[in-house]
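First comes the structure, then the notes that go with it.
Note that this is a predicted model, so its numbers are computed, not measured. The sequence lines fix the lettering, A, B, ..., with proteins before strands; numbering per chain opens at 1.
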2 protein chains.
Amino acid sequence: MAIFSKTCEYAMRAVFYVAQRSHEGYKVGIKEIAGHINSPEPFLAKILQQLSRDGVILSTKGPNGGFYFDAASLNRPLADVVTAVDGDDIFTGCGLGLTYCSESNPCPLHEEFKKVRNQLTHMLHTTTIGKFNLGLIKGKFTLNK
Amino acid sequence: MAIFSKTCEYAMRAVFYVAQRSHEGYKVGIKEIAGHINSPEPFLAKILQQLSRDGVILSTKGPNGGFYFDAASLNRPLADVVTAVDGDDIFTGCGLGLTYCSESNPCPLHEEFKKVRNQLTHMLHTTTIGKFNLGLIKGKFTLNK
DNA sequence: ATGATAAAAGACAAAAATATCTTTTATTGA
DNA sequence: TCAATAAAAGATATTTTTGTCTTTTATCAT
């Protein structure tokens, strides 16, 4: 059991790949994306549809179509991707799964857990979709396996 | 999608409850635990069986039996509970789900994600199973809903 | 020893997450 | 306009997680 769901992992990998290709001036088809991030193609299609509906990623149909980001979208935080596919439980939920738990009525683990949650939130809000474009283009990173 | 699985949330709540009762000198039956942490009884039974097999929690069958902790076990870290039910993916896994990712061959998100993972690891290792006993006994916290 | 109690174990069921397949819609270029 | 392309949408399948039920085993008190 990892921190993010499989859906979310695929979404983030896909977004980083599309961002890189957008930076290089290309739109990308689902097949190319799935191949480069090592994800099941039809499942990834569903995920990107969701991101597209939420306005996180852009897409056009037809020849030379595909998924892409404009300059503004490249500066959006990775948190938007996570929220679009998994909701915001990961940013707001109680560590013990208790619905009553809040700042004013905390569960036992609240103070301890809050630090972790806040760090995760901070990380996902300061990491932009386009942050790794240069590293990816230079081949410093890969996104498959 | 929360950070911990439902299984893990129930496990942590149950462990805190049993720890409190052990501190008070009682063993606890599955029915009492399930009632106090608001979890499905037979499902919780499976989870506690797993913890018992792993030696994280102690139990005895028969009349006046139930689950409990000895003094040494009360000082074990909450991390042991998480590992027993969910494995150690949450402590070691890549944020993007990439198997190649490591300190020497990092994925794009590695440095950023590492901080979050380390904070979570630190929190779960410094929080002991018995840490909230006094707060729970005083009614400062509850573990249901 | 025996009956009552309570966890352990095993088989089974429902729900959610993950994955696939087919049809429809939009866009492009000839 | 028409054929080709590629995403969107809808229906379906599989796997994992979550949840239930029944039988077995161990322990205690009498």
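The cluster map of Ile, Leu, Val, Met, Phe, Trp and Tyr, joined by side-chain heavy atoms under 4.5 Å apart, puts B/Tyr68 and B/Ile129 in different clusters.
Separating the CD1 atom of B/Ile47 from the C1' atom of D/dT20 is a distance of 13 Å, rounded to the nearest angstrom. Atom P of nucleotide D/dA26 and atom CG of B/Leu58 are separated by 18 Å, given to the nearest angstrom. Distance CD1 (A/Ile57) to C1' (D/dA6): 14 Å, rounded to an integer number of Å. Rounding to whole angstrom units, CD1 of residue B/Ile30 and P of D/dA26 are separated by 19 Å. Atom pair B/Ile37:CD1 and D/dT18:C1' shows a separation of 14 Å (rounding to whole Å applied). Counting to the nearest Å, the P atom of D/dA9 and the CD atom of A/Gln50 are 10 Å from each other. Distance B/Lys27 NZ to D/dC28 C1': 10 Å, rounded to the nearest Å. As rounded to whole Å, 12 Å separates atom C1' of D/dT16 from atom NZ of A/Lys6.
Residue A/Ile33 is the one, among A/Ile33 and B/Pro42, whose nearest nucleotide of DNA chain D lies closer to the 5' end (criterion: closest heavy atom). Between A/Ser52 and A/Met1, the residue anchored nearer the 5' end of DNA chain D, judged by the nucleotide with its closest heavy atom, is A/Ser52. Ranked by how close their nearest DNA chain C nucleotide is to the 5' end, A/Gly62 and A/Cys8 are led by A/Cys8.
Note on A/Val85: nothing from the nucleic acid sits closer than 4.0 angstrom, heavy atoms only. At a threshold of 4.0 angstrom between heavy atoms, the contacts of A/Lys46 include nucleobase atoms, whether or not backbone atoms are also involved. Residue B/Leu48 is classed as having no contact, given no heavy-atom separation below 4.0 Å to the nucleic acid.
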Which side-chain N or O atoms in residues 36-44 of chain A pair as donor and acceptor under 3.5 Å with protein atoms at least two apart or in another chain?
residue: A/His36; atom: ND1; partner: A/Tyr17; partner atom: OH; Å: 3.3
residue: A/His36; atom: ND1; partner: A/Glu32; partner atom: O; Å: 3.1

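Look at B/Ser5 and you won't find any side-chain N or O under 4.0 angstrom from OP1 or OP2 of D/dT17. Side-chain N/O atoms of B/Asn64 include none lying less than 4.0 angstrom from OP1 or OP2 on D/dT27. The shortest distance between the side-chain N/O atoms of B/Tyr10 and the OP1/OP2 oxygens of D/dT18 is not below 4.0 Å.
When all heavy atoms are compared, the tightest approach of A/Ile137 to A/Gln20 is CG1-CG, 3.6 Å. Heavy-atom minimum distance, A/Leu74 versus A/Ala19: CD2-CB, 3.6 Å.
To the nearest 0.5 Å, atoms CG (A/Asn144) and SG (B/Cys107) are separated by 12.0 Å. Put simply, CD on B/Gln49 and CD1 on B/Ile30 are 8.5 Å apart, with the number rounded to the nearest 0.5 Å. Taking CD1 from B/Ile47 and OG from B/Ser52, the interatomic distance works out to 13.5 Å, rounded to the nearest 0.5 Å.
Checking B/Asp70 against B/Ser73 by side-chain atom types alone, a donor-acceptor pair falls below 3.5 Å.
Distance from the side chain of B/Lys61 is smallest to D/dT25 among D/dA9, D/dC28, D/dT25.
Ring planes of A/His125 and A/Phe91: tilted class, angle from 30 to 60°.
Along DNA chain C, read 5' to 3', the first and last nucleotides having any atom under 4.0 Å from a heavy atom of chain A are C/dT18 to C/dG29.
Contact annotation: the side chain of B/Phe132 approaches that of B/Thr127 to within less than 4.5 Å [non-hydrogen atoms, C-beta and beyond].
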Checklist outcome for this item: Base-pair string, DNA chain C, Watson-Crick plus G-U, cut-off 3.5 Å on both distances, | for inter-strand, is ||||||||||||||||||||||||||||||

